[in-house]
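Below is one structure, written out as structure tokens; the observations come after it.
By convention in this document, chain letters (A, B, ...) are assigned in the order of the sequence lines, proteins followed by strands, and residues within each chain are numbered from 1.
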Amino acid sequence: MKKRLQHHLRKCLETCRTDGILISEHLPEALVEVPNHSEHGDFASNIAMLLAKSEKKPPRQIADLLVSRLRNDTELFEKVEVAGPGFINFFLNKDVWRKTLEVICSSGDEYGTCTAGQGKRVQVEFVSANPTGPLHIGHGRGAATGDAIASILSAAGFEVVREYYINDAGNQMDTLGRSVYLRYRELLGNSVDFPPNCYQGDYVKDIARDLIAKYGSRYLETPEEEAVSLLAKIGGDIILKGIQQDLRDFGVVHDTWFSEQSLFDSGKVDESIAYLKDKGFLYENEGALWFRTTDFGDDKDRVVVRGNGVTTYFASDIAYHREKYEQGFDLVIDVWGADHHGYVPRLKGVVQSLGRSPDDLKIVLVQLVALLRNGVPVAMSTRSGEFVTLKEVVDEVGRDAARFFFLMRRSDSQLDFDLELAKSQSSDNPVYYVQYAHARICSIFDNAREKGFTLPDVGGTPLSKLETPEEISLIKALAAFPDVVEASALHFEPHRIPFYLQDLAGLFHSFYNKNRVIGDDPELSAARLLLLKCTAQTLKNGLILLGVSAPERM
RNA sequence: GCGCCUGUAGCUCAGUUGGAUAGAGCAACGGACUUCUAAUCCGUAGGUCAGAGGUUCGAAUCCUCUCAGGCGUGCCA
């Protein structure tokens, strides 16, 4: 709706210019927005103020000129007026609003989608937790966020691939192998010194126990270093399987799982280093090979190959991101924990060294999650292995509540996750508030069917019967959904959807409390049933973007 | 020290590329169930947008500085 108006305004400006009414060489972009107060119209534009300088006329005078023309379109506008310092306020014809119900009905599950993405190929890489331990609650936020961003982009017309990057190369795998090996020995009756830099969590013991059950003590026979590397592989696979299961249970499905090790096996890491060397971005210093990331605004240059000849994690990431673009992605999105933010400039540098715009890489930083129980923080420490896993949280509060809570906040602000609140089946809990609206509508439908109504369809339903303030507000909110999805996609901000849904659910509940749907007037009942059909559809479409279910009964 | 993020109602947070009188939920207080789900609704109250300057028709939003909190600042990943 907003777009339609913007287009309309733009056309008006252009005709004004060809008619010589406007003299500005360059017409500013026609900005239309929803004002804070309904007295200021359904939409408002500040275009006259923006034109004031180049037109050398007071804003109100320009606004008057424009309004005198816009006003003629009585089909679209109920009224158009100039207000304040020069705002143009648009009041749309009620029938224009009501028509959006027809659009929603005919679009169905597609309502809210748009073509803003123009089919551009996007890869969203998220979670990508090291296969050295189970997913914890922080990963859960990353999972919910990445998945929602992917869904929202897809709805906005992007072609999306979800990817998980498996860090199965590097020191941490060796540490895992050592941790498993030591626990294995310990469980077989040997006394061991378990070093503090090994993984302390109980899951390591579980893996060791499983190995004993399966293979007995055979790894005591093999030389230690060999056993460690074998157990690193086995342990990593077991943990990865667990991660995959946890993600499935959370409703997150990655299209591709990309192994860091494969970059070495295929020679891509060496290739990338050769590429950078060829382009002159690398230099040697103190025996190591450095990437001049300072050329791209980084604080300092970064090591790619260490003095001992071993590549760094950064080297893998160079090869990995090079690979992404070679696969033909127009846009690459990395969802990271915010503690990696220091890594952003160097990776932006990588992208530019590949001859791409830094905007071709979007890094979404997801802040930490503080887990609370009845308002009191739950102690967590990765080092000691005391942490709350994603599985535990999902088991306790359910998938829907967990997902919704993770997405309720902007990703770059810290999140307090209160277990009791997420579990509570009350008005405190925004998940239920939204889901309840959907279930309530379904219940009204059941009731309508019992009373012999058939659910109305587009056409034939007298929409003009819808005229109470609650009805009109609800329709306006429904009409805004596509704009919300598009903005959410283009800003990579999934939290806009939960906010919108709470707002929409609120408008429905208000409507419900003041207006009876099934009543004496069959035409009015039909019109209201159609309105609710559209409301349920929109609620459902929004919830699906978040990976939250839309129950028909609660 | 330097860098990134954050600072908005008692609490948790929104605030649409600078717009008109800064919003919502929770908590508090007062109301609404014989009627389609009260997991709901209606109302009241609650603010130095951390602070100080600056930019302009106009700032919670942009710039500078200060303060507070979080994170980062490895030839770890």
Tell me every residue that passes side chain to side chain donor-acceptor pair (under 3.5 Å) with [X], counting only those two or more places apart in sequence or in another chain.
X	value
A/Asn130	none
A/Asp521	A/Lys465
A/His40	none
A/Arg496	A/Glu493

* Enumerate, in order of first residue number, the stems that involve RNA chain B, defined as 3 or more consecutive Watson-Crick or G-U wobble pairs with both distances under 3.5 Å. =>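 Stem list for RNA chain B: B:1-7 with B:67-73, B:10-13 with B:23-26, B:28-32 with B:40-44, B:50-54 with B:62-66.
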Give me, pair by pair, the N or O atoms of the protein and of nucleotides 54-60 of chain B that are less than 3.5 Å apart, along with how far apart they are.
none

Can you label the angle between the [X] ring and the [Y] ring as parallel, tilted or perpendicular, going by 30° and 60°?
X	Y	answer
A/Tyr320	A/Tyr165	parallel
A/Phe511	A/Phe508	tilted
A/Phe417	A/Phe406	tilted

Quick one: is [N] close enough that its OP1 or OP2 comes under 4.0 Å of any side-chain N or O from [X]?
X	N	answer
A/Arg440	B/A38	yes
A/Ser411	B/C5	no
A/Arg409	B/C5	no

Just distance, no hydrogens or angles: give the donor-acceptor pairs under 3.5 Å from side chains in residues 341-350 of chain A, sequence neighbours left out.
unit_1, atom_1, unit_2, atom_2, d
A/His341, ND1, A/Ala338, O, 2.8
A/Lys348, NZ, A/Pro358, O, 3.0
A/Lys348, NZ, A/Leu361, O, 2.7

* To do: Please list, chain by chain and in numerical order, all residues satisfying salt bridge (charged side-chain N to carboxylate O under 4.0 Å, His left out) with A/Glu396, sequence neighbours excluded.
  => A/Arg373, A/Lys423
* Structure fact -> Sorted by number, residues from residues 474-501 of chain A placing a heavy atom under 4.0 Å from RNA chain B are A/His495, A/Phe499
Please write out each protein N/O paired with an N/O of nucleotides 42-46 of chain B under 3.5 Å, distance rounded to 0.1 Å.
unit_1, atom_1, unit_2, atom_2, d
B/C42, OP1, A/Ser510, OG, 2.8

* Asked: Do the side chain of A/Arg292 and the main chain of A/Tyr283 share a donor and acceptor less than 3.5 angstrom apart?
  ->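 A pair under 3.5 Å: no.
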* A/Thr145 side, atom OG1; A/Leu407 side, atom CG - distance, nearest 0.5 Å ->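 If I round to the nearest 0.5 Å, the distance is 5.5 Å.
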* To do: Apply side chain to side chain contact (heavy atoms under 4.5 Å, CB included) to A/Arg306 and list each qualifying residue two or more places apart in sequence or on a separate chain.
  => A/Val303, A/Asn308, A/Val310, A/Thr312
So which protein nitrogen or oxygen atoms get under 3.5 Å of nucleotides 71-74 of chain B's nitrogens or oxygens?
unit_1, atom_1, unit_2, atom_2, d
B/C71, O2, A/His341, NE2, 3.4

* **Aromatic ring proximity A/Tyr500/A/Phe481, centre distance under 6.0 Å** => yes
